[in-house]
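Encoded as structure tokens, the structure appears first; notes follow it.
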Amino acid sequence: MSSLRDQLDMERLPQHIAIIMDGNGRWAKEQGQDRLFGHFHGVESVRDIVEGCAELGVKYLTLYAFSTENWDRPIEEVTGLMELLVDTIRKETATLNKNRIKLHVIGDTNMLPDYARKELQESLDELKDNTGLNLIMALSYSSRWEIVNAIKNIAADVKTGKLQPFEIDQDTIKDYLTTREFPDPELMIRTSGEYRISNFLLYQLAYAELYFTNVRWPDFRKENLYEAILDFQGRERRFGKTGEQVKTSLPITQS
């Protein structure tokens, strides 16, 4: 039997994969450990999946690392997560650079501690010229925050005359989102058996294929990624057309 990777159609890979990395705390509890133990081991999964996407030639990978709602967690966990974030960035930047991976961050980073912002900016600067996989970290991110912020900026530009109301369309809104540099995700993966989007890329996921797995994030590895991509490749992406139209037309690409 061929491996899951061998079964992939390399001509039909999603160019942008987004992942909600869920289940670190539950995984740790199942191991009889505290929640930070799960987050620590979740870093191993991040490393493996980033490597897997880079090897396949996926162009964009967005990871939901920390939501604005996560600030409401116990202070000990939040502090531990910030320290883990800084430590991971410091340790992984050289490897990311070696593999030509470019790092991006979306979210309200003003909420991050000064030491975390400093470490993050240093890594962003070091990796800014890389041309391989674009790794997008959603940190202190909320899709509703992002949309509200976009509306405020659009309103401000209308008020100053920079933008006319009749000019506003879908492309205008996209240009005011934090993800303006990236194409919309084609595949969204959520681990740990939860079936919701949880305030993640609400506008951008309009036509994404959603894949849910019971695997906890610390156990999620390349083979699980390949399973998700195979599932994606087995779906018919219609974008509002009928199945018959899709079969008789040229391959559809998302604008």
Side-chain angles (χ1 to χ4, degrees), residues 18-51 53 60-97 99 101-128 130 133-146 148-149 177-179 182 189-192 194 196-202 216-220:
I19 304 179
I20 299 177
M21 306 179 294
D22 197 17
N24 290 318
R26 276 165 286 178
W27 183 88
K29 186 176 180 180
E30 291 163 1
Q31 311 297 317
Q33 301 288 339
D34 62 25
R35 294 178 60 85
L36 281 175
F37 182 78
H39 293 297
F40 177 80
H41 282 274
V43 172
E44 298 175 18
S45 297
V46 171
R47 186 181 299 117
D48 199 59
I49 297 309
V50 169
E51 183 180 273
C53 285
Y60 301 88
L61 172 65
T62 298
L63 300 178
Y64 202 6
F66 192 88
S67 72
T68 53
E69 291 83 5
N70 289 155
W71 290 112
D72 294 328
R73 290 188 174 184
I75 186 63
E76 297 83 3
E77 182 175 353
V78 171
T79 301
L81 283 170
M82 290 298 106
E83 292 174 352
L84 179 61
L85 169 66
V86 169
D87 186 59
T88 300
I89 291 171
R90 185 179 298 121
K91 289 180 178 178
E92 298 296 326
T93 296
T95 301
L96 294 175
N97 207 13
N99 291 290
I101 294 172
K102 185 173 182 177
L103 181 65
H104 309 264
V105 175
I106 58 174
D108 187 2
T109 54
N110 289 326
M111 295 182 70
L112 298 175
D114 289 344
Y115 67 89
R117 286 204 308 274
K118 179 178 181 294
E119 195 74 36
L120 194 56
Q121 189 59 55
E122 288 178 0
S123 182
L124 289 168
D125 291 341
E126 186 170 345
L127 303 171
K128 65 183 176 61
N130 287 342
L133 170 70
N134 287 275
L135 174 60
I136 306 150
M137 302 297 292
L139 288 170
S140 190
Y141 175 85
S142 153
S143 190
R144 288 182 174 179
W145 162 83
E146 177 185 38
V148 168
N149 195 54
L177 297 175
T178 62
T179 55
F182 322 120
I189 301 169
R190 181 166 188 159
T191 59
S192 200
E194 299 292 349
R196 55 180 178 271
I197 299 176
S198 295
N199 207 0
F200 180 51
L201 301 176
L202 300 178
R216 308 280 196 232
W217 178 248
D219 289 328
F220 196 86

Determine whether Glu30 and Arg216 satisfy the following criterion, side chain to side chain contact (heavy atoms under 4.5 Å, CB included), listing intermediate values before the conclusion.
CA-CA 11 Å; Glu30 291 163 1; Arg216 308 280 196 232; 2.6 Å; yes
If you count every heavy atom of other residues, nucleotides or ligands that lies below 6.0 Å from Phe37 atom CZ, does the total exceed 12?
yes
Exercise: identify the closest heavy-atom pair between Val86 and Ala116
CG2-CA, 3.5 Å
Minimum heavy-atom separation for Ala65 and Met137, please, with both atom names.
CB-CE, 3.7 Å
Given Asn130, Leu133, Val50, the one that forms side chain to side chain contact (heavy atoms under 4.5 Å, CB included) with Leu96:
Val50
Asp125 side-chain N/O to Glu122 backbone N/O, donor-acceptor pair under 3.5 Å:
no
Is any side-chain heavy atom of Leu84 closer than 4.5 Å to one of Leu36?
no
Show the nearest heavy-atom pair for residues Gly23 and Pro218, with the distance to one decimal.
O-CD, 4.1 Å
What's the verdict on side chain to side chain contact (heavy atoms under 4.5 Å, CB included) for Leu139 and Leu120, showing C-alpha distance, side-chain angles and the deciding distance?
CA-CA 11 Å; Leu139 288 170; Leu120 194 56; 3.8 Å; yes
CD on Glu146 to CZ on Phe200, rounded to 0.5 Å
10.0 Å
Does the pair Asp87/Lys91 count as a salt bridge with the N-to-O cut at 4.0 Å?
yes
With side chains defined as the heavy atoms from C-beta onward, is the minimum distance between His41 and Glu44 less than 4.5 Å?
yes
How many angstroms lie between atom CE of Met82 and atom CD of Glu119, to the nearest 0.5 angstrom?
13.0 Å
Is a side-chain N or O of Asn199 found less than 3.5 angstrom from the main chain of Ser143, in a donor-acceptor match?
yes
Are Ser198 and Arg190 side-chain neighbours, meaning at least one heavy-atom pair lies under 4.5 Å?
yes
Between Arg196 and Ile20, does the side chain to side chain contact (heavy atoms under 4.5 Å, CB included) criterion hold? Intermediate values first, please.
CA-CA 10 Å; Arg196 55 180 178 271; Ile20 299 177; over 6 Å; no
Separation between OG (Ser140) and CH2 (Trp145), nearest 0.5 Å, reads 7.5 Å
Met21 backbone acceptor or donor facing Thr191 side chain under 3.5 Å
no
With rounding to the nearest 0.5 Å, note down the distance linking SG in Cys53 to CD1 in Ile19.
6.0 Å
How many angstroms lie between CD1 in Ile136 and NZ in Lys102, if you round to the nearest 0.5 Å?
10.5 Å
Quick check: does any side chain N or O of Tyr64 sit under 3.5 Å from a backbone N or O of Asp22, one acting as donor and the other as acceptor?
no
Any donor-acceptor pair under 3.5 Å linking the side chain of Asn24 with the backbone of His39?
no
Main-chain N/O of Thr95 paired to Asn99 side chain as donor or acceptor, under 3.5 Å
yes
Just how far is it from atom CG of Asp108 to atom CZ of Phe66, taken to the nearest 0.5 Å?
11.5 Å
Relative to each other, are the rings of Trp217 and Phe220 parallel, tilted or perpendicular (30° and 60° limits)?
parallel
Are side-chain heavy atoms of Leu127 and Ile101 found at a separation under 4.5 Å?
no
Heavy-atom side-chain proximity of Ile106 to Leu201 below 4.5 angstrom
yes
Test log, rule side chain to side chain contact (heavy atoms under 4.5 Å, CB included), inputs Tyr60 and His104
CA-CA 10 Å; Tyr60 301 88; His104 309 264; 5.8 Å; no
Do the side chain of Ser123 and the main chain of Thr93 share a donor and acceptor less than 3.5 angstrom apart?
no
Do Asn70 and Ser67 have a side chain donor and acceptor closer than 3.5 Å?
yes
Using only atom types and a distance under 3.5 Å, with no angle test, would you say the side chain of Arg117 pairs donor to acceptor with the backbone of Leu112?
yes
Strictly below 4.0 Å, N to O, side chains only: are Arg47 and Glu51 in salt-bridge contact?
no
